[in-house]
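Residue numbering restarts at 1 for every chain, and letters A, B, ... go by the order of the sequence lines.
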Amino acid sequence: MRLSRFFLPTLKETPTEAQIVSHRLMLRAGMIRQTSAGIYAWLPLGYRVLRKIEQLVREEQDAAGAQELLMPTIQSAELWKESGRYDDYGKEMLRITDRHDREMLFGPTNEEMITDIFRSFVKSYKQLPLNLYHIQWKFRDEIRPRFGVMRGREFLMKDAYSFDIDPDSAKRAYHKMFLAYLRTYARMGLKAIPMRADTGPIGGDFSHEFIILAETGESGVFCHKDWLDLDVLKDAPGTDDDLQAFFDKYTSIYAATDEKHDPANCPVPESDLVSARGIEVGHIFYFGTKYSKAMNATVTGPNGEQVPVEMGSYGIGVSRLMAGIIEASHDENGIIWPDAVAPFRVGLVNLKAGDAETDRVCQEIYDALEVKGVDVLYDDTDERPGVKFANMDLIGLPWHLVVGPRGLKNGVVELKRRATGEREELSVESALAKLTA
RNA sequence: CGGGGCGUGGCGCAGUCUGGUAGCGCGCCAGUUUUGGGUACUGGAGGCCCCCGGUUCGAAUCCGGGCGCCCCGACCA
């Protein structure tokens, strides 16, 4: 993509409404545009990242055996009356009336709907286990939306729903998601810590929330320092292995939010205790038969009896995760995208657009990267170098390849790693080799 | 929902108290200049001053009503 043709409305100054760093940077980097309180339009740069995150989440869900479908955003109130949550959910649920005066709602979550789909088609225990998920926009009419997409009213969420014949099997489903979640965050370069959590309006008796560590996180977190050394991607068992041991290991190390942390009764000696800040980016629940009983979702068991299915649900705030990543990965100049979710892998900076030789080399590099399938944003504008550098740092692409007449005279270009600031001068060939490796 | 604040060119703000032709910085356009970390100069374009009503010779400014947005708190992926 050529920057001269890319819709990227960056801002030099920070809009006043933005208080936290991710919100500021997303506005300044031209990623989002607020349209109402807690509701945002995703501009091309932001949307690219959103899709990257979504895709990574999808890959891990698929790998864990979940199957993707897509349910509507607008739901009928009927199902919610059946489960009893139409009244319980309160004002957070956006209620809508259609032209026939039918009660509808913009879904805040999909337990009822998925349970309805399930009961319509699944009749036998032989069709279990089953895990269905979708990545869909949700709406929760928060009293006070804030912090940009971190606490928006409309947000993109991956929600998966597992169905099993008995609690043991449901536990395994839970463990699978537990692992998939940790893998998902790890692949995004995030340190995520699962913690026992309240189940809130979803209900149920077993739940973990996943907190990523970020200096600017909204809540305080305490954990054993061993957490910081764990490498999920190395520890992760294959999907067929028994996940119990993995689950036990990862839930046995101390971790608690400040609300639940009691310094007086903390099992971790002070010297091993890490105090940090975190952001909740996922929540998984095992709630048994809460919905299946209320909605009569049963299957025929091995002995011919009708058994209400054991269910769990598993959410990841996809749009929130973007803000979380920025909170966890930025510096005073802007965003630092982890490679896995970066909108482009390379920012190619032409320091002197219009200079024949510089233009030629840039074009050559641009074409070579495109051919190799490397996402590249080519700054072909005739802005001053300072402007280009500042903008490149702001939008945070992992690699900056800087090409100017001065370097070309010596046969070199400059490759900068955004995360570390390291720069090296090297030939075009070596730079390309490095970027396409 | 309780408490606080804000709404003035795209963005950041001044002007409101004390009514009298709407300003500044950044950005944008044109030109000159500059050319490796937001360059300098010159000349431009761009505003229903959130909306409706009232007071007044005259309202961004005063009064009444409405809408929107932000911050703190209780609540949440």
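B:C48 sits 15 Å from B:G23 when the P atoms are compared, rounded to a whole Å. Between B:C52 and B:U8, the two P atoms lie 16 Å apart (nearest whole Å). With both ends at atom P, the span from B:U55 to B:G25 equals 39 Å, rounded to whole Å. Nucleotides B:U21 and B:A59 are separated by 12 Å at their P atoms, to the nearest Å. Taking atom C1' on both B:C63 and B:U16, the two are 14 Å apart, rounded to the nearest angstrom. With both ends at atom C1', the span from B:G46 to B:C51 equals 22 Å, rounded to whole Å. Spacing between B:G54 and B:G9 at atom P, rounded to whole Å, works out to 25 Å. Taking the P atom of each, B:A14 and B:C6 are spaced 10 Å apart, rounded to whole Å.
When the C1' atom of B:G37 is taken as reference, atom CZ of A:R418 falls 13 Å away, rounded to whole Å. Rounded to an integer number of Å, the gap from A:F210 CZ to B:A77 P is 14 Å. Atom CZ in A:R85 sits roughly 14 Å away from atom P in B:C76 (whole-Å rounding). Going from atom CD1 of A:I53 over to atom C1' of B:A77 covers 13 Å, rounded to whole Å. Atoms CD (A:E92) and C1' (B:A77) sit 10 Å apart, rounded to a whole Å. Rounded to a whole Å, the CG atom of A:D88 is 16 Å from the C1' atom of B:C75. Taking atom CD of A:E209 as the reference point, atom C1' of B:C75 lies 14 Å away to the nearest angstrom. Residue A:L27 contributes atom CG, which lies 15 Å from atom P of B:C69 at whole-angstrom precision.
The base-pairing partner of B:G23, taking Watson-Crick or G-U wobble contacts with both distances under 3.5 Å, is B:C13. Look at B:G68: its Watson-Crick or wobble partner, with both distances under 3.5 angstrom, is B:C6. Base pairing of B:U35: no nucleotide in any strand meets the Watson-Crick or G-U wobble criterion (both distances under 3.5 Å). Across all strands shown, B:G73 forms a Watson-Crick or G-U wobble pair with B:C1, both key distances being under 3.5 Å.
Each of A:E280 and A:A37 was matched to the nucleotide of RNA chain B holding its nearest heavy atom; the match closer to the 5' end belongs to A:A37. When the nearest nucleotides of RNA chain B are assigned to A:K388 and A:P15 by heavy-atom distance, the more 5′-ward of the two goes with A:P15.
Side-chain nitrogen and oxygen atoms of A:R144 include none within less than 4.0 Å of the OP1 or OP2 phosphate oxygen of B:A74. Close to B:C70, at under 4.0 Å from its OP1 or OP2, lies no side-chain N or O of A:T16. Phosphate proximity of B:G36 to A:R406: present, with a side-chain N or O under 4.0 Å from OP1 or OP2. Taking 4.0 angstrom as the limit, A:R146 places a side-chain polar atom (N or O) nearer than this to OP1 or OP2 of B:C72. The side chain of A:Q34 contributes an N or O atom lying less than 4.0 Å from OP1 or OP2 of B:C70. Phosphate contact (OP1/OP2 of B:C11, side-chain N/O of A:K12, threshold under 4.0 Å): absent.
A:V281 comes within 4.0 angstrom of the backbone, heavy atoms only, and of no base. No engagement by A:K158 is indicated, since no non-hydrogen atom pair under 4.0 Å with the nucleic acid exists. Counting any heavy atom pair closer than 4.0 Å across all strands shown, A:L351 reaches a base atom. At a threshold of 4.0 angstrom between heavy atoms, the contacts of A:R423 include nucleobase atoms, whether or not backbone atoms are also involved. A:E142 comes within 4.0 angstrom of a base, heavy atoms only. Note on A:G152: a base of the nucleic acid sits closer than 4.0 angstrom, heavy atoms only. Within 4.0 Å (heavy atoms only), A:S36 reaches sugar-phosphate atoms of the nucleic acid but no base atom. Residue-level contact check: A:R153 touches neither bases nor backbone, having no heavy atom under 4.0 Å from any strand. Within the 4.0 angstrom heavy-atom criterion, only backbone atoms of the sugar-phosphate kind lie near A:G282; the bases stay farther away. If you check every strand for non-hydrogen atoms under 4.0 Å, A:D159 touches nothing.
Among the nucleotides B:G38, B:A77, B:C75, the one closest to the side chain of A:A390 is B:G38. Of the candidate nucleotides B:G37, B:C76, B:G36, B:G37 has the atom nearest to the side chain of A:D393. The nucleotide whose nearest atom lies closest to any side-chain atom of A:Q19 is, among B:C76, B:G38, B:C70, B:C70.
With a 4.5 Å cut-off on side-chain heavy atoms, A:L105 and A:W80 count as touching. Side-chain atoms of A:L233 and A:R183, non-hydrogen and from C-beta on, do get closer than 4.5 Å to each other.
Looking at A:K171 and A:E310, no side-chain N of the basic residue comes within less than 4.0 Å of a carboxylate O on the acidic one, giving no salt bridge. Using a 4.0 Å cut-off between a side-chain N of Lys or Arg and a carboxylate O of Asp or Glu, A:D141 and A:R153 qualify as a salt bridge.
There is a side-chain donor-acceptor pair under 3.5 Å between A:S427 and A:S430. A donor and an acceptor atom, one from each side chain of A:R2 and A:Y366, are nowhere located under 3.5 Å apart.
Between A:G30 and A:L43, the shortest heavy-atom distance links the atoms O-CB, 3.3 Å.
An aromatic stacking contact between A:F389 and the base of B:G38 is absent, as defined here by ring centres under 5.5 Å apart and ring planes under 30° from parallel.
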Subject >> Step-by-step side chain to side chain contact (heavy atoms under 4.5 Å, CB included) determination, A:L130 to A:Y161 >> reply: CA-CA 8 Å; A:L130 184 64; A:Y161 302 89; over 6 Å; no

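At distances below 3.5 Å, not a single donor-acceptor pair connects side-chain atoms of A:R28 with backbone N or O atoms of A:E13.
Evaluation of atom-type donor-acceptor distances gives a pair under 3.5 Å for the side chain of A:R151 against the base of B:C76. Remark: the A:E13 side chain and the B:G25 base include a donor-acceptor N/O pair separated by less than 3.5 Å.
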